[in-house]
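Nothing here was measured: the structure is a model prediction, and the numbers come from that model. Chain naming here is simple, since letters A, B, ... match the order of the sequence lines and numbering starts at 1 in each.
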Amino acid sequence: MSSSDVARQPDPSRSLSLSGHVGFDSLPDQLVNKSTCQGFCFNILCIGETGIGKSTLMDTLFNTNFENFEASHFEPQVKLRAQTYDLQESNVRLRLTVVNTVGFGDQMNKQESYQPVVDYIDRQFESYLQEELKIKRSLHSYHDSRVHACLYFISPTGHSLKSLDLVTMKKLDSKVNIIPVIAKADTISKSELHKFKIKIMSELVSNGVQIYQFPLDDETVAQVNTAMNGLLPFAVVGSTEEVSVGNKMVKARQYPWGVVQVENETHCDFVKLREMLICVNMEDLREQTHTAHYELYRRCKLEEMGFKDTDPESKPVSLQETYEAKRQEFLLELQKREEEMRQMFVQRVKEKESELKDSERELQNRFEQLKRLHADEKAALEEKRRLLEDDQSSFGKRRAAAQLLAAQNLTSNGKKDKDRKNSGFM
Amino acid sequence: MIERPETAVPSIAQRNLEGYVGFANLPNQVYRKSVKRGFEFTLMVVGESGLGKSTLINSLFLTDLYSKDYPGPSQRIKKTVQVEQSKVLIKEGGVQLTLTIVDTPGFGDAVDNSNCWQPVINYIDSKCEDFLNAESRVNRRLMPDNRVHCCLYFIAPSGHGLKPLDIEFMKRLHDKVNVIPLIAKADTLTPEECQLFKKQIMKEIQEHKIKIYEFPDTEDDEDSKLIRRIKEKMPLAVVGSNVVIEVNGRKVRGRQYPWGVAEVENGEHCDFTVLRNMLIRTHMQDLKDVTNNVHYENYRSRKLAAVTCNGVDASKARGTLTKSPLAQMEEERREHVMKMKKMETEMEQVFDMKVKEKKQKLKDSEAELERRHEQMKKNLDAQYKELDEKRRVFEDEKVNWEAQQRILEQQKLDASKTMEKNKKKGKIF
């Protein structure tokens with residue numbers, strides 16, 4: 001869809017009448033031929049509990065056999081599985097992407113069940129937005145993966161919606177066109193069904209859930225759309241097996257008590273769903289996704305990123321100015337960060353330096369202390385040594401004196417003896 | 001959590017339908033919606049005055065776009081090149097078309113025509129700019145498409161070739177808008193002259209590498225044959241007329257001459273019908289698509305590249321064109337973060353190393369200090385020991401000597417005692 005087709009306002013230009021056939025009434029045909037050549041694309045998301053019949057319904061709806069995986073009830077988290085198929089009906093090529101939820105409603109705690117779905121839808125929007133914002137972009141050849149329709153499968157309890165249903169639909173109603181369907185409708189009787197539908201619609205209304213309404217602006221389809229809007233939600237039955245009814249083979253489910261024919265409008269609303277979803281309003285679903293849901297996402301995203309249409313003085317700001325301003329801001333921020341980091345390092349270096357200086361000083365002190373200790377010890381040693389020397393010298397003196405005395409005594413004694421000896425001789 | 005990576009091209013399987021589905025009705029849905037929306041088209045006509053531009057427009061759209069009440073630009077006196085637009089709403093077969101005709105009175109009329117294309121370029125660019133701004137708003141709602149979808153360039157029927165102004169203009173505009181050159185007032189050329197003139201013009205167009213509007217290839221054989229025939233007739237030689245004349249009982253638009261009537265819609269007289277069919281009946285949508293997908297995108301990428309690559313040199317800029325300016329900033333931010341991380345680790349390394357060095361030095365001097373201290377202590381201890389030993393020896397010696405002295409003293413005492421005794425005994429006289 002080219003961005004020039006988003007919306008046009010009626011122009012207050014003058015009307016002129018033509019005096020002949022100009023030929024621009026072929027414009028819609030030119031447009032259609034182009035689109036048909038390019039091929040169409042449609043993305044449908046099915047949300048519902050495991051085993052509720054999503055894959056079967058898709059197979060029945062598109063009259064083909066998509067790759068189906070039987071899911072277990074023990075998935076720890078809700079996952080989404082997307083598969084893309086190329087289909088062709090007469091000369092119209094359709095690239096269909098079917099997205100199924102796996103494990104929805106199986107967990108004990110279902111509080112976060114809707115999150116993977118919301119994330120998936122947002123991712124497709126984001127992908128488109130990124131492409132749209134690129135400098136060199138190729139929107140006309142972009143494979144549009146945005147979800148165009150969301151079939152929400154309601155369990156045929158016959159009573160009311162489950163709280164999981166309400167919570168999920170509330171989270172999704174501003175992001176995607178929600179078409180609720182009552183699954184396995186062959187388990188509900190007609191009267192129960194009527195009450196069930198009324199209950200569901202009133203619950204949706206009272207909870208403020210916006211489901212997709214078939215458009216009424218085009219006179220050619222307004223009538224049928226109005227009627228169908230009143231029959232929502234559609235109660236569907238899916239089957240790919242054929243049963244012989246009368247002399248035809250029809251898609252049906254065979255029970256001991258009878259055959260539920262999928263395409264019999266008295267048995268279920270399958271035909272209505274196919275009519276509305278595919279035949280009549282497929283293009284509108286795509287348009288709504290692009291002009292309403294995607295625009296909302298885009299607006300929120302851009303506002304989040306700080307873009308505004310007018311600057312604080314309420315003057316309109318062009319895209320260039322915004323980008324330039326952002327770029328300036330961005331560069332300043334980078335510079336600031338660098339500065340901060342540098343500052344931090346300078347700080348650390350200072351701190352560490354002072355720490356080391358302290359250690360040095362401490363060491364120095366210790367050194368001084370030890371020196372002093374050593375000096376003291378040395379002094380003590382010297383003192384001791386001196387004491388010893390004093391003692392030694394005083395002892396030496398004593399000894400010398402004693403020896404002298406002894407020597408004197410000896411000589412005097414010797415003299416005495418000698419005298420004695422000598423006196424004895426006389 | 002999606003099981004298939006979305007960035008990869010989805011693997012696409014073919015499926016055959018086993019019955020009625022109904023999406024074959026999609027084209028009808030598209031048709032319905034497009035009719036409801038209505039269509040827009042902006043056509044620009046450029047050429048010297050008097051070449052019959054207004055008349056041609058009136059003939060093309062079978063209406064009096066320019067009339068007594070709204071006179072064509074050539075009826076007005078102008079001094080410089082103007083760009084004027086007229087918007088009209090025309091309806092046919094339930095289809096509503098808002099047609100904008102952009103005229104350029106004064107083009108090529110001055111004596112000095114250098115830069116006379118500038119107002120035209122400015123106009124085209126300003127419409128693209130308007131669209132770009134509208135498309136880039138946060139709140140987008142009404143986006144009227146006023147971009148110029150087609151530019152009919154009128155070549156004067158000189159019969160010789162293109163004038164320098166023609167070449168210059170087309171060269172400057174072929175990148176901005178779909179250019180369709182026309183030979184104006186073709187009723188002044190005989191068929192042979194016309195043939196030669198066309199050949200000459202096409203030759204010159206190719207020589208100067210001018211890209212005029214090209215018809216897209218189709219898969220349909222019939223259509224390709226048609227397109228080839230049209231291509232052979234390029235540039236189309238046209239004649240326009242506001243007057244309806246009766247010829248052989250038929251009412252036709254034409255120009256009455258004494259020698260006959262040049263019918264506008266007669267394929268043998270001129271290529272008008274070819275132009276009308278091509279421009280309006282078969283390729284109007286394609287002209288819009290080429291404008292949107294090629295010319296506008298060129299303008300946009302030039303404009304946005306200028307914004308984001310401010311200060312970035314061209315060689316770096318090349319790889320950035322595949323991203324949006326914001327994604328570009330994100331990438332730059334990431335690069336910067338990595339750079340900072342690297343810087344940080346480097347600075348950390350240097351810091352750690354220096355700290356280690358310093359600490360090691362400190363440790364070494366501490367060890368040295370310890371070692372010296374130990375040594376000195378050892379030394380001192382040895383000295384102490386030595387001293388103690390000396391002291392001990394000394395003490396021993398002293399004690400011994402004192403003991404000896406005491407013995408000697410005792411001996412002496414004993415001796416003197418004995419002597420006394422002996423004396424007393426008279427042994428000694």
| query | Would A/D218 and B/K33 satisfy side-chain contact (heavy atoms from CB on, under 4.5 Å), going step by step from the backbone distance to the final call? | reply | CA-CA 8 Å; A/D218 191 337; B/K33 277 199 179 282; 5.6 Å; no

| Is there a side-chain contact between A/R14 and B/S86, using heavy atoms and a 4.5 Å cut-off? | yes

| note | Assert top hit (heavy-atom pairs under 4.5 Å, partner chain A, pool B/E92, B/K339, B/H336) equals B/E92

| task | Just give me the residue among B/A13, B/A134, B/G94 that pairs up with chain A most often, heavy atom to heavy atom, under 4.5 Å. | result | B/A13

| query | Between A/Q30 (side chain) and B/R281 (backbone), is there a donor-acceptor pair under 3.5 Å? | reply | yes

| said: Heavy-atom pairs under 4.5 Å with chain A: which of B/T282, B/V355, B/V244 has the most? | reply: B/T282

| message | Under a 4.5 Å cutoff for heavy-atom pairs, which residue among A/L356, A/V349, A/L94, A/L373 has the most contacts with chain B? | response | A/L94

| note | For B/V35 and A/P28, the nearest pair of non-hydrogen atoms, with its separation, is CG2-CG, 3.7 Å

| task | Give the minimum heavy-atom separation between B/V21 and A/C279, together with the two atoms involved. | result | O-SG, 4.4 Å

| Considering only heavy atoms, which portion of A/D284 lies under 4.5 Å from any heavy atom of chain B: side chain, backbone, both, or neither? | both

| said: Would you say that A/K34 contacts B/K288 through its side chain, given a criterion of any heavy-atom pair below 4.5 Å between the two side chains? | reply: no

| query | Where does B/T100 contact chain A at under 4.5 Å (heavy atoms): side chain, backbone, both or neither? | reply | neither

| What part of B/D388 lies closer than 4.5 angstrom to a heavy atom of chain A: side chain, backbone, both or neither? | side chain

| field | Spacing of B/M343 atom CE and A/E338 atom CD [to the nearest 0.5 Å] | value | 5.0 Å

| Do you know which two heavy atoms are closest between A/R298 and B/E135, and how far apart they sit? | NH2-O, 3.1 Å

| Residues, nucleotides or ligands: over 12 heavy atoms within 6.0 Å of A/K301 NZ | yes

| task | Could you tell me which of A/R398, A/R342, A/E333, A/K371 has the largest number of non-hydrogen atom pairs under 4.5 Å with chain B? | result | A/R398

| When you look at A/F42 and B/L26, which way does the side-chain contact (heavy atoms from CB on, under 4.5 Å) test go after all the steps? | CA-CA 11 Å; A/F42 194 69; B/L26 254 178; over 6 Å; no

| field | Residues, nucleotides or ligands: over 12 heavy atoms within 6.0 Å of A/E303 CD | value | yes

| note | The reported gap from NZ in A/K378 to CG in B/N379 (rounded to nearest 0.5 angstrom) is 8.0 Å

| task | Kindly give the heavy-atom pair with the smallest separation between B/Y20 and A/N63, and that separation in Å. | result | O-ND2, 2.9 Å

| Can you tell which of A/P215, A/G23, A/G20 has the highest number of heavy-atom pairs within less than 4.5 Å of chain B? | A/G23

| said: Between A/R366 and B/E366, does any NZ, NE, NH1 or NH2 come within less than 4.0 Å of an OD or OE carboxylate oxygen? | reply: yes

| If you count heavy-atom pairs under 4.5 Å between each of B/L97, B/N298, B/N28, B/L60 and chain A, which one has the most? | B/L97

| request: Go through the atoms of A/N33 and report whether side chain, backbone, both or neither lie under 4.5 Å from a heavy atom of chain B. | output: neither

| said: How long is the straight-line distance from CD of A/E360 back to CG of B/L362, given to the nearest 0.5 Å? | reply: 5.5 Å

| field | salt bridge (Lys or Arg N to Asp or Glu O under 4.0 Å) between A/E283 and B/K36, worked out | value | CA-CA 13 Å; A/E283 183 59 25; B/K36 191 131 197 1; over 6 Å; no

| request: Could you tell me which portion of B/F41 (side chain, backbone, both or neither) has an atom closer than 4.5 angstrom to a non-hydrogen atom of chain A? | output: neither

| note | Distance col, row B/N25:CG vs A/E89:CD, nearest 0.5 angstrom, shows 9.0 Å

| field | Per-residue contact mode, A/S17 against chain B (heavy atom under 4.5 angstrom) | value | backbone

| said: Return the NZ to CE distance between B/K341 and A/M341, rounded to the nearest 0.5 Å. | reply: 10.0 Å

| task | Identify the two heavy atoms, one from B/I90 and one from A/L18, that lie closest to each other, and give their separation to 0.1 Å. | result | CG2-CD2, 3.6 Å

| note | All heavy atoms of B/L17 vs all of A/F62, minimum pair found to be CD2-O, 3.2 Å

| task | For A/A402, check side chain to side chain contact (heavy atoms under 4.5 Å, CB included) against everything at least two apart and list the hits. | result | B/W401, B/Q405

| field | Segment of B/F351 engaging chain A (4.5 angstrom heavy-atom cut-off) | value | side chain

| field | Options A/L381, A/D217, A/V92, ranked by heavy-atom pairs under 4.5 Å with chain B, top entry | value | A/L381

| Quick one: what part of B/L369 sits under 4.5 Å from any heavy atom of chain A, side chain, backbone, both or neither? | side chain

| task | Compare all side-chain heavy atoms of B/Q383 with those of A/E377 and state whether any distance is below 4.5 angstrom. | result | no

| task | Name the option with the most non-hydrogen atom pairs under 4.5 Å to chain A; the candidates are B/E348, B/E370, B/K361, B/E402. | result | B/E348

| said: Between A/T64 (side chain only) and B/N16 (backbone N and O only), is there a donor and an acceptor less than 3.5 Å apart? | reply: yes

| request: Name the region of B/L99, side chain, backbone, both or neither, that has any atom closer than 4.5 Å to a heavy atom of chain A. | output: neither

| request: For each of B/R32, B/E344, B/R276, tally heavy-atom pairs with chain A at distances under 4.5 Å, and name the one with the top tally. | output: B/R32

| said: To the nearest 0.5 Å, what is the distance between CG on A/L27 and CZ on B/F39? | reply: 5.0 Å

| said: Please confirm whether the ring centroid of A/F395 lies under 6.0 Å from the ring centroid of B/F394. | reply: yes

| task | Evaluate salt bridge (Lys or Arg N to Asp or Glu O under 4.0 Å) for A/E353 paired with B/K358, printing each intermediate quantity in order. | result | CA-CA 9 Å; A/E353 263 184 9; B/K358 251 293 165 68; over 6 Å; no

| message | With a 4.5 angstrom heavy-atom cut-off, is it the side chain or the backbone of A/L387 that approaches chain B, or both, or neither? | response | both

| request: Check whether A/Q88 gets within reach of chain B through its side chain, its backbone, both or neither, counting any heavy atom under 4.5 Å. | output: backbone

| remark: Okay, A/E355 and chain B: the region with an atom under 4.5 Å from a heavy atom over there is neither

| Test side chain to side chain donor-acceptor pair (under 3.5 Å) applied to B/R15 - qualifying residues, sequence neighbours left out | none

| field | Test item: B/R372 and A/L370 side chains (from C-beta on) under 4.5 Å apart, heavy atoms | value | no

| Pick from A/V32, A/T36, A/L334: which one has the most heavy-atom pairs with chain B under 4.5 Å? | A/L334

| said: Quick check: do A/R399 and B/E397 have side-chain heavy atoms less than 4.5 Å from each other? | reply: yes

| Proximity breakdown for A/R95 and chain B, heavy-atom pairs closer than 4.5 Å | side chain

| message | I'd like to know if the side chain of B/Q29 and the backbone of A/I278 have a donor-acceptor N/O pair within less than 3.5 Å. | response | yes

| note | Ranked by heavy-atom pairs below 4.5 Å to chain B, first place among A/N65, A/V22, A/T220 goes to A/V22

